Structure formats: C-alpha cells, structure tokens
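Just follow the structure's listing: the first ligand is 1, and inside any ligand the first atom is 1. Small disclaimer: the values here were computed from a predicted structure and weren't measured.
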Amino acid sequence: MSTTTHNFKTEARQLLDLMIHSVYSHKEIFLRELISNASDALDKLRFASLTSEELRQLTSDLHIRIATDAKNRTLTITDNGIGMTRDEIIEYIGTIAKSGTGEFAEMIKKASEKKEAGPELIGQFGVGFYSGFMVADKVELISRKAGTNEAHKWESDGQGSFTISDAQLEHNGTSITLYLKPEDKDDEDAQDYTAEWTIRQIVKKYSDFVGYPIRMKVERTHIERDENGKPKEGAKEETVIEEEVLNSMKAIWLKPEKDVTEDEYKDFYKHISHDWNAPLRWMTFKAEGASNEFNALLYLPEKPGFDLYLPNSSRGINLYVKRVFIMNDCEDLIPEYLRFVKGVVDSESLSLNISREILQQDRQIQTIRKTVTRKVLDSLKKLLKEDREKYIAFWKNFGSVIKEGLFKEPAYSDKLFDCCLFQTTASPSEWFTIGEYAERMKEGQDKIYFLAGESREVLENSPHLEAFKEKGYEVLLLTDPVDEVWVQYSNEFDKKKIQSAARGKLELGSEEERKQAEDTRKQKEEEWKTLLEFIQKKLSNNVKEVRVSSRLSSSAACLVSEEGDMSPHLEALLKASGKDVPPVKRILELNPRHQLLNKMQQLFAANRSDSRIEDYTDMLYAQALLAEGGQLPDPAGFNRKVAELMVNSL
Ligand code: ADP
C-alpha cells in the first residue's frame, strides 16, 4: 500500500498541541513514557506467547534498545515486543486510546482558558507516546506485529496529520525515532538527549526497575596498563563501542523498604498505574507458606481514577511469577470493592503457564487474595488511626467503593467496619466508625440505629429521630445510595444489631421504660380504636396499617416500614436507575400526645360523618410524607385543603 495521510482526531490534536508548545521543565519524562510503552509491548508478547508456540520463539531475548545520533540529532527507542499492524497504528497512535480522553480534553481546555500551558497537567497525566513531541519536531514510528512479515511506518510533525507507509523492520516490535528540536540556548532546563550521560541518568531515575534490559551502545576508551595501573609505555588510547545495560532491572517489590527511596516507589507507581497523582501510601509484604510464597507491593491511590464507578472498571494488581510478568489487572487477586488498589504480586509457587481462565479456581490464588484483602484492610485501619484527616479525605473519594464490601463480602464486615466512616447525629460534620459509635451507646441501648435517606438535612429533620433525640441516642445518618444496600447484609456489629430508626416498632430505654411506653401506647390504641380503623380505611391505597406510635414527640404522624420491606429511599433509588419496582405500602404511626390527633378524636367521637375528618386524614398522611422528604401524590389537592383550612380559621 502506498503512503496515506490521516488527520488526528480532535483530542489527539489538543494533546499534541499541548506537547509541542510545552514549557514543562521535566521534558525528560518523554523517555519514561516511551520505555514504559516498550515494556508493555514486551509484556504483551510474553503473555501472548503462553498460548502460542510460534510466538514463544520470539521471546528468548526480549529487550529495549536506545540509540543516539548526535550528528543528525536523533534518538531511537526500539523494542522487540508485540508490535502493531497498520490498522492498530492508526487506531492507537492516531487517536488517543485512553478511555479517560474526554476528561483529559476537558482539563486541557480549562488549562488553556486560564492561559496556562498546563505544565502540571503534563507531569501528572500519563501522557504517553505524544510526549515525544515535547522534545522532537518530527516523530517516526516503524512497527511490525509479532507473527507477521509486514512493517509500517507512521510519521508526523505533530501539525494535525500523520502519514502511514510501508516500511522495513528486521524483527517484530516497534522502533520510534525522535528528530530532536534544535537546542534552545535560553532554556536552562534543556538537556542534550543524544548524550550518553543524559540518557543514562534519565533511565536510572525513572525506569530502573523495568523488567527487561534497556541496552545502549556506549563509547569507551581503552589503554593498555601495567600491573600498577599506569598506562604502558607507548600504548595508544583506543575507542571501543560496547553495549551496556542501563537499568538494574531489580524488582523493587523484592527489596527491603529501607533500600528503596520514596521517589523510586512513586515512579514505580506511575509506571504501573498510569495515575497522574502520587500514591497516598504503599506497603510491601512477604507471605511465606509451605506451598504458597509470594511478595507484594501495594499502593493506595490518593485520587480516584476516572473509571472507579464504571462497570467493569479494571482492578490494578499485576501478577508476576518468579519475577516474570504474567498479566496486569488480575481480577482474582483482589476483591472488587478494593479495585482502586494498585500494585504487584509476585508468586514463587505458581506455575508460569497459569492462564486467566484457571486463575479463579486456583487455591493458591484464593489464598493470595485473602492475604491481600486482609493487608489492605489493616493498612486502611492503620491510616485511620495515624492520620485521621488524611483518611477522611481518602474516605470521601473511596468510601462508597469500600462499603460495597459490606454486601459483597459480609464475612469481612467486622474488619470492614473498622475502616468505614459514617456521619451521625453526634456531630454536624465529623466522621465516626461504628466502633466509636458503639462506645458512646447509652445505658440500656442494645442496638445501633441508623437513618438512611437522600440528604443529611432531610434526615436531621425527620420525625423518625424524635424519640432518639428525646432519649439522647445517637443515630447514624446514611446518605450514600450504597448504604441502603449494605444495611441489608451486614446488620450486626460486635453482636449488636444495626437497625433502621424508621422500621418496625421502636423500643427504647430500660425494660421498665419500654413496658410503660407500650402500656400507654396500647391504652391509646384502645381509646382511638374506631378512629384508627376509619383512617386505615380512608388511606388503604397507601398504607397497610395505622397504629399509635412510640417514636414521635413533636410531629403528629410518620411513616415507617415493616421489617423486611423495602425502604422508600431504596425504592426511589431503584426507580431512578430505571428498575420497575412495585410500590411498598408502609405503616402510618400517630403521635398519642399530639393535640391535632386528640382534637380529631373529639371531632370523630362527636360526629363520625364530619367531612373534615376525611380531609384531615389526607393531610396527616401528606405531612408524614413531606417530613421525610417524600413526594406528595397530589400536591394540588393538598394545597387546596391547606388553603381552605386557612380561610376557615381566619
Ligand atoms: P498508553 O500507553 O497510556 O495507552 P500511549 O499514547 O502511550 O498511551 O499509547 C497508545 C497505545 O499505542 C498503547 O496503548 C499501545 O497499544 C500502543 N503502543 C504504544 N507504543 C507501543 C509499542 N512500543 N509497541 C506496541 N504498541 C504500542
């Protein structure tokens, strides 16, 4: 096929523009990005070779090569990895393959509006291939897909288009040549990327742990010396070219923490996570079992990735077996509710031929998963203890995901509760664990109470809290949609039931207080028997029972769910997500001490067919709905009745 010209897609063009006009002072990171891509390509070939005899033959000497040419001012990075077909080049290099593109484009736009060239942005974002344009005014990529004989060349000056043509490459893989920009004498940070020393220190700085040799031909001068180390008489200096491996390839996760610098850990995190922020913290550990030995290095991110809440978002643990990369995003090594954790697990005991399909059933993998889960939860608990403020910031970003564990893996609920934070009625803004709540429980309180709903404001004003306020009981205020789900699965903490304040009959206080309250309630129920029946009949489309309440002090009425029924908040959430849920009728509870009801009872006793009673019944129901932030079935009717009432009382 002859040469064809293609235009870059919009986002790619924006990104390129940013790179070309970059004033970023750490332009050297382009090398990290290209080496990282090369290393990924080698990983991919190794993984593909596990199931292909043909490809296996290509994996005997996987490496990355860097070549410089000072005269022509070029720098070439070559790998003998998976390579790309012509279509893949167009797809991956012509557009931005990243799924976070939209978000990134948005950030670029914002940055350019503020007239910033976005240096921050560049350092933070895994900018990838295009970062080459920070230092080059032309980039050429030649690639040959492993297992094929065809190579193709991609070429661009970054000005809106690129060309693709047929090319030659002796081996499978990819070779990228940067035509370096002329040296800028005014730029203090400018470096000569054709100098051996420069390349050597950049590789050391960012890519030392890359698991494949990064080779470069270097010039060495030799002179023959005597036994004292002095140059021999008449000996001449000779220049020889030697190939050197620039990186130590030391698996950073195998080193004791004291031998690794903070920057090395952070660089490795960027290498594996493509996250633009530094990690919040990391941990290394070694598990030693008779038949299951492994090392791990795990990171907690500081900021959530764009895909945290997307279905099928990836789980970020890379699996190695005896230092050989097997696969990234290995799902079976970590539960879904810890999907934000990034890192490496390196097993000494698994077989190198392990495939994705059999991972799930592998007993060793299951043991690793358990250890990893426990370690992560322990480290969360530790962080909470050591730096509460930092943890709260982390919790606000990741708490909803962690809470998924409370229903996906209730067996871990005690451990999970130790690192879950909640808001409660005890403070307007502080966060507490359930354990802390339990320590403050009042004498005679045997349950942990929560109220779930749309917002803290609505919950705080809910009639369901009245009895709790009176007794001085603390209530958890749950406003995250996921809360409605976990409370159904993890409903016990430290042998104490976790119970909704808006559900079932309420029994608060000592044995004696409860008995007394129940007696008064029963007495009132007897007294109001026919009125209750009347109200029940009138509201039969909406409520399943009308009873006298022991949870109200100032409001006249409230609605409660029966044990086991779906809560109205959950019902609303499910409806909002497009689910078809049948409406659940609730129980209307009436305040025995409220004047309104006592007056209604008088009116009812005097004349059962007084039409006002029916109106008041409807209004009572509407009030109960409004108090919990619910929606009225007939707002216009309610308004009319209120207006009538006002007219009559004026
Ligand atoms: P990222 O690496 O973050 O996905 P890049 O812009 O760096 O983004 O690269 C885009 C894609 O191009 C990669 O995901 C990969 O599929 C492909 N690619 C880049 N470099 C190479 C390479 N050396 N060998 C094979 N494929 C590559």
Worksheet item: How are the rings of F340 and F394 set relative to one another: parallel (under 30°), tilted (30 to 60°) or perpendicular (over 60°)?
Response: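 Judged by the thresholds at 30° and 60°, the geometry between F340 and F394 is perpendicular.
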Worksheet item: Between W154 and F129, how do the two ring planes meet: parallel, tilted or perpendicular, split at 30° and 60°?
Response: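 Because their plane-to-plane angle is over 60°, the rings of W154 and F129 count as perpendicular.
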Discussion item. Could you tell me, atom by atom, which parts of ligand 1 come under 4.0 Å of a heavy atom of I93?
Written reply: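 Selected atoms, number and element: 12 (O).
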Worksheet item: Which ligand 1 atoms, with their elements, are less than 4.0 angstrom from a heavy-atom of F129?
Response: 5 (P), 6 (O), 7 (O)
Discussion item. Cation-pi check for Y337 against K408: NZ or CZ below 6.0 Å from the six-membered ring centre and within 45 degrees of the axis, yes or no?
Written reply: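 Ring-cation test returns no.
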Item to complete: Test T177 against every option in T78, T74, T76 by the side-chain hydrogen bond (donor to acceptor under 3.5 Å, both in side chains) rule and name the one that passes.
Response: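 Among T78, T74, T76, the one that satisfies the side-chain hydrogen bond (donor to acceptor under 3.5 Å, both in side chains) with T177 is T76.
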Worksheet entry | Donor-acceptor under 3.5 Å (E386 side chain, L383 main chain) | no
Worksheet item: Hey, is ligand 1 close enough to D40 that some N/O pair sits below 3.5 Å?
Response: no
Worksheet item: Short N/O distance, under 3.5 Å, between Y130 and ligand 1?
Response: no
Item to complete: Take L421 and Y391, measure what side chain to side chain contact (heavy atoms under 4.5 Å, CB included) needs, and give me the verdict at the end.
Response: CA-CA 9 Å; L421 291 179; Y391 189 77; 3.7 Å; yes
Worksheet item: Where on L34 is there a heavy atom closer than 4.0 Å to ligand 1, on the side chain, on the backbone, on both, or on neither?
Response: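 No part of L34 comes within reach of ligand 1.
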Worksheet item: Heavy atom under 4.0 Å from ligand 1: found in M84's side chain, backbone, both, or neither?
Response: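 The part of M84 near ligand 1 is the side chain, not the backbone.
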Discussion item. With a 4.0 Å cut-off on heavy atoms, is K44 in contact with ligand 1?
Written reply: yes
Worksheet item: Would you say E33 touches ligand 1, if touching means a heavy atom closer than 4.0 Å?
Response: no
